[in-house]
Structure formats: structure tokens, C-alpha cells
Protein chains: 2
Amino acid sequence: MEPHEPDLAAVPVTAVLAALADDVRLQIVRALAEGGEAACGSFDFGVSKATRSHHLKVLREAGLTRTRAAGTSRLVRLRRDEVDQRYPGLLDAVLAPRPPA
Amino acid sequence: MEPHEPDLAAVPVTAVLAALADDVRLQIVRALAEGGEAACGSFDFGVSKATRSHHLKVLREAGLTRTRAAGTSRLVRLRRDEVDQRYPGLLDAVLAPRPPA
DNA sequence: GGTGTTGTTCGAAAGTTGTCGAACAAGGGT
DNA sequence: ACCCTTGTTCGACAACTTTCGAACAACACC
């Protein structure tokens, strides 16, 4: 089955925000923003692979990432341009390094 | 008891995003961004007053709004400057009118 | 004091989410 | 063919969210 990667315009804002409103997922997005394309397995943030797979699905279905198969792996990348076009400044605001709490 | 209005720097990004990731709350924020200070009761988005009170609490505790008493009412306002300082572009990105889905 | 308006808090119900282990599927090696 | 690696899916469970009505608190006004 083809992965479900909706047009960003078809995803409600609240779904995009909800996708970003999780610590694990935010770390994944941060890693993708810095490192470009990466395999699912490279996101080891202390959760099981089932959980990781779930989070990647949430990001994908929120229109934030794309996934393509590559051998036994799957490579994930951020849909940066599209997100920036529809929500200019959002990723910058969310991912920017911030003064410590 | 004084309303709990944390310093924005003390609120995790994910909590801010989660606060915005709800339809009712986003409508409230939108109304505040356009109309300035407003009484709680002015946000009639088809939910009961108990629910409305809950959502305003979430926004307040995410550091997004301030509330002050005024007679029998409570006036709510967006902490726009502070939010813009800590998350430059976030509110603009989220509240901007968007091309229809 | 009593009455009405405005909000908050409580308790409960329904739904959603994050998490896991186990089972499964698809590829690449040897 | 066999196994190992990499991910996805399933079923379950706990925790959190959204929502409501009802009860309560605070204030204003007659």
C-alpha cells in the first residue's frame, strides 16, 4: 500500500500543530531539518520501533514528511519547502534554538 | 487563587503547540488577535461555558493569554508581544488567512 | 437581603493518544 | 533456502482530553 501523504492544503492547521506537539515527533522533525533524509531507524529517542513507526505515520499523515523505500529501510524527509510555503515561519519558530528555560 | 500565568520561557514548546492544536482554542486565539481584550463569554463557539472555561485555562497555562477580573466578567487578552518574542512568526504562521483547503 | 449574570470547579462519560510486545512483511545477504 | 535486518500492523492498556450538567463563588444592582 502506498503511504498516505496528503497535500498539505488538505490537512487542517490543528492537525499540523498536533503533529508537532509531541516531544518525540519534534525531535524527529528537528533531526530531519538538520540532517536531511534519514532512515526510520536512525531516530532512536528511547521508544520502541512500534512507537517510532506510529510517530512517523502521524508526521506523514499531517503532510510534514515523505517516505520512500530504499532496500530494507525507508528514508524519511521533511517537506520543508511545502510547509514553509503554506505556513511561512512556522518551522523556523518551532525549531529555532531558544534561550534556555 | 490567582490565575496561573506562567512565564512563557517556562512552558515547553510542545505545550504551546498543543494549546494551539484545538479548533475551539484556535478560534479563541484568532478572535483575541483581531479584537483585542474580550470577556470569556464573548467566545461562543458552540460549547458550554464549562468547556469554554476549560479551554481558556489551557491557553492561560500555556502562557498564551492573560486574564484579569472586571466586575462579574473576566477579560482575556493575548500575550502577543511575549509570544512573538519567544516564537517569532509562530502566531503569524498559524493565524494567517490561508488559501482554501 | 435577594436576584441575576458571569465564570470556575467537580465528577462523569466518551473519545483520543502514546506506549509496548508480538506477529507479520519485504529485502538483502550468505 | 535460510536468516537477519528493517519497518509496519495488531491488540491491549494506561493516561490524557474534550465535553457536559450541576453545584458553587463573586460581584453588581434593585
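The chains referred to below are lettered A, B, ... by the order of the sequence lines, with proteins before strands, and numbering in each begins at 1.
Judged as a salt bridge (charged side-chain N to carboxylate O under 4.0 Å, His left out), and not counting sequence neighbours, the contacts of B:R80 are B:D84, B:D92. B:R79 is linked by a salt bridge (charged side-chain N to carboxylate O under 4.0 Å, His left out) to B:E82, counting only residues two or more places apart in sequence or in another chain.
Computed from coordinates, the B:L56 CG to D:dT18 C1' distance equals 14 Å when rounded to whole Å. B:R68 has its CZ atom 15 Å from the P atom of D:dC27, to the nearest Å. Distance, A:H4 NE2 to D:dT8 P: 16 Å, rounded to whole Å. Going from atom CG of B:L59 over to atom P of D:dT18 covers 10 Å, rounded to whole Å. Following rounding to the nearest Å, B:K57 (NZ) and C:dT6 (C1') show an atom-to-atom distance of 18 Å.
Following chains of ILVMFWY side-chain contacts shorter than 4.5 Å, one cannot reach B:L75 starting from B:L59, and the two form parts of different hydrophobic clusters.
An OP1 or OP2 oxygen of C:dG7 is reached within less than 4.0 angstrom by no side-chain nitrogen or oxygen of B:T72. Contact annotation: A:H55 side-chain N/O to C:dT17 OP1/OP2 distance is not under 4.0 Å.
Note on B:A69: nothing from the nucleic acid sits closer than 4.0 angstrom, heavy atoms only. Residue contacts for A:H54: at a heavy-atom cut-off of 4.0 Å it reaches a base atom on one of the strands shown.
A pairwise comparison of heavy atoms in B:V11 and B:Y87 identifies O-OH, 3.8 Å as the closest pair. For the residue pair A:Q27 and A:F45, the shortest heavy atom distance occurs at OE1-CD2, 3.3 Å. Smallest separation of non-hydrogen atoms from B:A93 and A:P88: CB-O, 3.2 Å. A pairwise comparison of heavy atoms in A:C40 and A:V76 identifies SG-CG2, 3.8 Å as the closest pair.
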Nucleotides 14-16 of chain D: which of its N/O atoms have a protein N/O under 3.5 Å away?
none

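The stretch residues 42-53 of chain B comes close to DNA chain C through B:K49, B:A50, B:S53, each having a heavy atom under 4.0 Å from the strand. Against DNA chain C, the stretch residues 21-36 of chain B makes no heavy-atom approach under 4.0 Å.
Interatomic distance, CG of A:L32 versus CG of A:L95, reported as 10.0 Å (0.5 Å rounding). B:H55 contributes atom NE2, which lies 6.5 Å from atom CD1 of B:I28 (distance to the nearest 0.5 angstrom).
Projected onto DNA chain C by closest heavy-atom contact, A:G71 and B:A39 fall at different nucleotides, the more 5' of which corresponds to B:A39.
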Would you mind writing out the side-chain donor-acceptor pairs for residues 13-24 of chain B within the sub-3.5 Å range, not counting sequence neighbours?
from: B:D22; atom 1: OD1; to: B:V24; atom 2: N; distance (Å): 2.9
from: B:D22; atom 1: OD1; to: B:R25; atom 2: N; distance (Å): 3.1

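For the pair B:E5 (side chain) and B:T67 (backbone), a donor-acceptor distance under 3.5 Å is present.
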